[in-house]
A.B. asks: 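Have a look at this one before I ask anything.
The figures that follow rest on heavy atoms only: side chains count, while hydrogens, waters and symmetry mates do not. Nothing fancy with the numbering, it's 1 onward along the sequence.
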Amino acid sequence: MYGKFFYYNFQNALTKKTCSNIIKKYNRKKQKAKVGKTAEVKKTRNSSVNLIRDKNLYNLIPPIVTEANKKANWNFEIDWVEDVQFTSYKKGEFYDWHQDYFDEPYKCDDVNFNNKIRKLSCCINLYDPKKYKGGQLELKIQREKTEVIVNPKEFNNEQGSIIVFPSHIFHRVTPIISGKRYSLVSWFLGYPFK
């Protein structure tokens, strides 16, 4: 593991009003989520997403991720961020164990993506956790010969909280038991580790 932290959290980083405005603006024109570039796979992932490009979000999120990268002592070289993903989960929906990291770098004509990998993942909890049950973000941490499931309560229990973690860490969103969960997710890229 790089650095001294498995994740870095900012509690109440966004106001409730900001979170509500984001939900109102982007909780439409959603499509069923896919796994990677493949078709939707309901055994692994069942949620709806909206990929967005919003200058205000790009002004807001990267400085927070840069601060986490430094304070967590990861110091990953990152130089680009993918489109932000608005995600909604309703009763019974989930995203099972997965990594945001891909084994191979992107291969494309876009110089901002070509030959780069996802290094840091960022998730923003947009909705009041008192209004839904389930929908917990959990991380799977390898410690020596055992795996530990970590529930970052400081993130899961606070609307407007932001969590940043290395993209290779396995994580999931547990099934929604009741209510709805809304989040923003973004991925930060750089050239492969040397």
Side-chain angles (χ1 to χ4, degrees), residues 1-28 30 33 47-89 95 98-101 118-141 150-174 176 179-190:
M1 180 65 210
Y2 300 94
K4 59 183 180 178
F5 296 101
F6 293 108
Y7 66 88
Y8 203 87
N9 189 74
F10 299 87
Q11 283 185 275
N12 303 310
L14 302 184
T15 66
K16 291 181 180 185
K17 182 177 181 181
T18 299
C19 290
S20 294
N21 288 340
I22 291 169
I23 292 169
K24 284 177 190 171
K25 187 172 183 179
Y26 294 110
N27 191 25
R28 55 182 179 207
K30 298 175 296 192
S47 61
S48 296
V49 298
N50 182 0
L51 291 176
I52 53 181
R53 292 180 182 171
D54 182 321
K55 184 179 178 182
N56 293 326
L57 293 177
Y58 288 116
N59 289 335
L60 172 76
I61 299 171
I64 291 169
V65 171
T66 299
E67 182 179 349
N69 190 25
K70 183 176 181 180
K71 286 187 174 179
N73 201 30
W74 297 317
N75 298 310
F76 294 164
E77 291 182 13
I78 53 176
D79 63 6
W80 194 250
V81 60
E82 294 185 43
D83 290 348
V84 177
Q85 177 182 271
F86 175 89
T87 308
S88 66
Y89 296 87
Y95 196 168
H98 67 284
Q99 298 171 290
D100 295 334
Y101 170 85
R118 289 178 174 176
K119 291 187 172 182
L120 289 174
S121 297
C122 172
C123 185
I124 302 173
N125 190 1
L126 292 175
Y127 206 51
D128 183 351
K130 296 179 189 78
K131 295 183 178 179
Y132 62 90
K133 290 184 180 177
Q136 298 289 292
L137 174 70
E138 295 181 335
L139 308 175
K140 189 186 295 186
I141 309 300
V150 177
N151 181 326
K153 293 189 182 301
E154 66 272 29
F155 170 76
N156 285 317
N157 294 341
E158 295 291 338
Q159 182 179 11
S161 291
I162 299 176
I163 191 168
V164 180
F165 54 91
S167 297
H168 65 270
I169 289 182
F170 279 90
H171 56 288
R172 70 177 174 185
V173 175
T174 62
I176 296 287
K180 294 180 181 177
R181 176 186 188 267
Y182 301 103
S183 63
L184 285 182
V185 179
S186 58
W187 305 278
F188 289 75
L189 308 177

A.B. asks: Using a 4.5 Å cut-off on heavy atoms from C-beta on, say whether the side chain of Gln85 contacts that of Asn50.
C.D. replies: no

A.B. asks: Can you find a pair of side-chain heavy atoms, one from Ile52 and one from Leu184, that are under 4.5 Å apart?
C.D. replies: yes

A.B. asks: Kindly compute the distance separating OG1 (Thr174) from CD (Gln136), expressed to the nearest 0.5 Å.
C.D. replies: 5.5 Å

A.B. asks: If I take atom CD1 from residue Ile78 and atom CG from residue Asn69, how far apart are they, to the nearest 0.5 angstrom?
C.D. replies: 5.0 Å

A.B. asks: Do Leu57 and Ile22 have side-chain heavy atoms sitting under 4.5 Å apart?
C.D. replies: yes

A.B. asks: Can you give me the closest heavy-atom contact between Asn151 and Glu138, atom names plus distance?
C.D. replies: ND2-OE2, 4.2 Å

A.B. asks: Under the rule for salt bridge (charged side-chain N to carboxylate O under 4.0 Å, His left out), what residues qualify as partners of Arg28, not counting sequence neighbours?
C.D. replies: none

A.B. asks: Ignoring hydrogens, what is the shortest heavy-atom contact between Gly160 and Cys19? Give both atom names and the distance.
C.D. replies: CA-SG, 3.6 Å

A.B. asks: Could you report the tightest heavy-atom contact between Asn9 and Ser161, atom names first, then the distance?
C.D. replies: OD1-CB, 4.4 Å

A.B. asks: Check the pair Ser48, Ser88 against side chain to side chain donor-acceptor pair (under 3.5 Å), reporting the backbone distance first and the verdict last.
C.D. replies: CA-CA 5 Å; Ser48 296; Ser88 66; 4.5 Å; no

A.B. asks: Mind checking whether Lys180 and Tyr132 have side chains closer than 4.5 Å, heavy atoms only?
C.D. replies: no

A.B. asks: Can you give me the closest heavy-atom contact between Lys119 and Phe76, atom names plus distance?
C.D. replies: O-CE1, 3.6 Å

A.B. asks: How are the rings of Phe86 and Tyr26 set to each other: parallel, tilted or perpendicular (split at 30° and 60°)?
C.D. replies: tilted

A.B. asks: What residues form a salt bridge (charged side-chain N to carboxylate O under 4.0 Å, His left out) with Glu158, not counting sequence neighbours?
C.D. replies: none

A.B. asks: Tell me, yes or no, whether the heavy-atom count around Glu154 atom CD, taken from other residues, nucleotides or ligands under 6.0 Å, exceeds 12.
C.D. replies: yes

A.B. asks: Walk me through whether Phe6 and Phe165 qualify under side chain to side chain contact (heavy atoms under 4.5 Å, CB included).
C.D. replies: CA-CA 6 Å; Phe6 293 108; Phe165 54 91; over 6 Å; no

A.B. asks: What verdict does the side chain to side chain contact (heavy atoms under 4.5 Å, CB included) test give for Val84 and Ile61, after you've listed the backbone C-alpha separation in whole Å, the side-chain angles of each residue and the deciding distance to 0.1 Å?
C.D. replies: CA-CA 9 Å; Val84 177; Ile61 299 171; 4.2 Å; yes

A.B. asks: With side chains defined as the heavy atoms from C-beta onward, is the minimum distance between Val81 and Tyr58 less than 4.5 Å?
C.D. replies: yes

A.B. asks: Hey, do the aromatic rings of Phe10 and Tyr8 have their centres closer than 6.0 Å?
C.D. replies: yes

A.B. asks: Apply salt bridge (charged side-chain N to carboxylate O under 4.0 Å, His left out) to Glu67 and list each qualifying residue two or more places apart in sequence or on a separate chain.
C.D. replies: Lys71

A.B. asks: In chain order, what residues pass the ring-ring contact (aromatic ring centres under 6.0 Å, His included) check against Tyr89, with sequence neighbours excluded?
C.D. replies: none

A.B. asks: Please evaluate residues Tyr7 and Val164 with respect to the criterion side chain to side chain contact (heavy atoms under 4.5 Å, CB included), reporting the C-alpha separation (whole Å), side-chain torsions for both, the decisive distance (0.1 Å), and the verdict.
C.D. replies: CA-CA 6 Å; Tyr7 66 88; Val164 180; over 6 Å; no

A.B. asks: First locate atom CD of Gln159, then atom CD1 of Ile124, and finally report the distance between them rounded to the nearest 0.5 Å.
C.D. replies: 12.0 Å

A.B. asks: For the residue pair Ser121 and Asp100, confirm or rule out a side-chain donor-acceptor distance under 3.5 Å.
C.D. replies: yes

A.B. asks: Is there a side chain to side chain contact (heavy atoms under 4.5 Å, CB included) between Leu60 and Leu14 once you walk through the steps?
C.D. replies: CA-CA 10 Å; Leu60 172 76; Leu14 302 184; 3.4 Å; yes

A.B. asks: Atom CD1 in Ile169, atom NZ in Lys140: separation rounded to 0.5 Å?
C.D. replies: 12.5 Å

A.B. asks: Please state whether the rings of His98 and Tyr95 are parallel, tilted or perpendicular, taking 30° and 60° as the class boundaries.
C.D. replies: parallel

A.B. asks: Report the distance from atom OG of Ser183 to atom CD1 of Ile23, rounding to the nearest 0.5 Å.
C.D. replies: 9.5 Å

A.B. asks: How would you list all residue pairs meeting salt bridge (Lys or Arg N to Asp or Glu O under 4.0 Å) that involve residues 12-26, not counting sequence neighbours?
C.D. replies: Lys25-Asp54

A.B. asks: Could you report the tightest heavy-atom contact between Ala72 and Phe5, atom names first, then the distance?
C.D. replies: CA-CD1, 3.2 Å

A.B. asks: Nearest heavy-atom pair of Gly134 and Ile176: which atoms, and what distance?
C.D. replies: C-CD1, 4.3 Å

A.B. asks: Could you tell me whether Arg118 and Glu82 have a side-chain N and a carboxylate O separated by less than 4.0 Å?
C.D. replies: yes

A.B. asks: To the nearest 0.5 Å, tell me how far Ile163 CD1 sits from Phe155 CZ.
C.D. replies: 6.0 Å

A.B. asks: Among all residues two or more places apart in sequence or in another chain, which pass the salt bridge (charged side-chain N to carboxylate O under 4.0 Å, His left out) test with Asp83?
C.D. replies: Arg53

A.B. asks: Classify the side-chain pair Ser47/Thr87 by whether it contains a donor and acceptor separated by less than 3.5 Å.
C.D. replies: no

A.B. asks: Do Ile64 and Cys122 come within less than 4.5 Å of each other through their side chains, counting heavy atoms only?
C.D. replies: no

